[in-house]
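Each remark here refers to the structure printed beneath this line.
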Amino acid sequence: QVQLVESGGGLVQSGGSLRLSCAISGRTLDYHSIGWFRQAPGKEREGVSCISSSDPTPYYADSVKGRFTFSREQNTVYLQMNSLKPGDTAVYYCAYSVTFFDKSNLVCSRDYDMDYWGKGTLVTVSS
């Protein structure tokens with residue numbers, strides 16, 4: 001079992017910044033993929049930024065490219081979010097998978113292959 005705990009969400013004004021954290025614990029494997037996903041009210045869940053052990057370059061959705069940055073320090077992954085917009089309002093989830101992905105973008109497009117999920121952290125961006 002792998003446990004994921006997100007933190008760092010909150011209310012911020014448009015143009016502001018937040019840094020989300022995801023603490024990973026439990027029986028982790030050397031090969032794995034990690035993704036940040038989000039789900040806004042009434043919308044489908046979407047992959048925001050993901051990385052695979054096979055492809056160390058993080059993938060970013062077009063909607064966040066240039067504004068969000070994925071990083072990792074040991075067993076914690078981060079999502080630095082700058083220039084936030086009201087459209088970024090959503091619950092943000094961290095997810096972990098042991099499925100093989102040869103490219104990081106595939107991790108974000110196949111949320112059904114993520115094996116473990118955190119409970120999410122709410123980000124609200126006011127205009």
Side-chain angles (χ1 to χ4, degrees):
Q1 287 282 354
V2 175
Q3 294 79 41
L4 305 166
V5 180
E6 303 97 335
S7 61
L11 173 64
V12 64
Q13 288 188 331
S14 181
S17 298
L18 284 174
R19 188 173 81 153
L20 304 183
S21 300
C22 174
I24 305 169
S25 61
R27 291 188 174 184
T28 59
L29 300 179
D30 288 341
Y31 179 84
H32 58 269
S33 299
I34 297 174
W36 284 101
F37 297 80
R38 68 185 181 186
Q39 187 164 22
K43 294 187 177 181
E44 292 188 357
R45 185 166 56 198
E46 66 167 330
V48 174
S49 182
C50 301
I51 193 166
S52 165
S53 293
S54 301
D55 177 12
T57 303
Y59 163 82
Y60 298 97
D62 288 343
S63 58
V64 307
K65 200 173 295 183
R67 301 187 297 121
F68 290 13
T69 303
F70 183 111
S71 64
R72 180 171 188 169
E73 291 182 14
Q74 296 184 330
N75 290 332
T76 303
V77 295
Y78 302 95
L79 187 67
Q80 177 67 42
M81 306 186 297
N82 298 329
S83 302
L84 283 162
K85 306 174 182 179
D88 294 319
T89 294
V91 177
Y92 284 71
Y93 299 92
C94 178
Y96 180 103
S97 175
V98 299
T99 299
F100 176 78
F101 295 97
D102 59 351
K103 294 293 184 183
S104 292
N105 65 301
L106 294 176
V107 180
C108 271
S109 65
R110 290 165 53 176
D111 60 349
Y112 47 84
D113 276 330
M114 305 308 286
D115 299 297
Y116 302 97
W117 292 84
K119 293 184 178 180
T121 184
L122 176 63
V123 172
T124 304
V125 185
S126 63
S127 57

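Just so it is clear, the model here is predicted, and its values are computed rather than measured.
Ser54 is not listed as a side-chain neighbour of Phe101, based on a closest heavy-atom distance of 4.5 Å or more. For the pair Leu20/Ser7, no side-chain contact is recorded, criterion being any heavy-atom separation below 4.5 Å from C-beta on. Two residues are said to be in side-chain contact when any heavy atoms from C-beta on lie closer than 4.5 Å; Met114 and Thr99 fail this criterion. Between Leu18 and Val123 the shortest side-chain heavy-atom distance falls below 4.5 Å.
Proximity of the aromatic rings of Phe37 and Trp117 is defined here by a centroid distance below 6.0 angstrom, and this criterion is met. Between Phe70 and Tyr78, the distance from one ring center to the other does not fall under 6.0 angstrom.
Looking at Glu46, its side chain never comes within 3.5 Å of a backbone N or O of Arg38 through a donor-acceptor pair. Side-chain atoms of Arg27 never come within 3.5 Å of backbone atoms of Gln1 as a donor-acceptor pair (strictly under, hydrogens ignored). One N or O on the side chain of Thr121 and one on the backbone of Gly9 form a donor-acceptor pair closer than 3.5 Å. Side-chain atoms of Ser104 come within 3.5 Å of backbone N or O of Thr57 as a donor-acceptor pair. Arg72 places a side-chain N or O within donor-acceptor distance of the main-chain N or O of Gln74, the cut-off being under 3.5 Å. Under a 3.5 Å cut-off, the side chain of Glu6 and the backbone N or O of Cys94 do form a donor-acceptor pair.
Of the N and O atoms on the side chains of Ser97 and Asp113, not one donor lies less than 3.5 Å from an acceptor on the other residue. When only modelled atom types and interatomic distance are considered, Tyr60 and Thr69 share no side-chain donor-acceptor pair under 3.5 Å.
Note on Leu29 and Ile34: same hydrophobic cluster, where clusters join Ile, Leu, Val, Met, Phe, Trp and Tyr whose side-chain heavy atoms are under 4.5 Å apart, directly or indirectly. Under the 4.5 Å side-chain heavy-atom criterion for Ile, Leu, Val, Met, Phe, Trp and Tyr, Val12 and Phe68 are members of the same hydrophobic cluster. Linking Ile, Leu, Val, Met, Phe, Trp and Tyr whenever their side-chain heavy atoms come within less than 4.5 Å leaves Ile24 and Tyr93 in two separate clusters. Residue Leu106 is not grouped with residue Tyr59 when hydrophobic side chains (ILVMFWY) are merged at heavy-atom distances under 4.5 angstrom, including chains of intermediate members.
Ion pairing between Lys103 and Asp55 fails under the 4.0 Å rule for side-chain N and carboxylate O. Under 4.0 Å is where a charged nitrogen must lie from a carboxylate oxygen, and between Asp62 and Lys65 at least one such pair does.
Between Gln3 atom CD and Ser25 atom OG the span is 4.5 Å, to the nearest 0.5 Å. Atoms OG and CG, from Ser52 and Asp102 in turn, are 7.5 Å apart once rounded to the nearest 0.5 Å.
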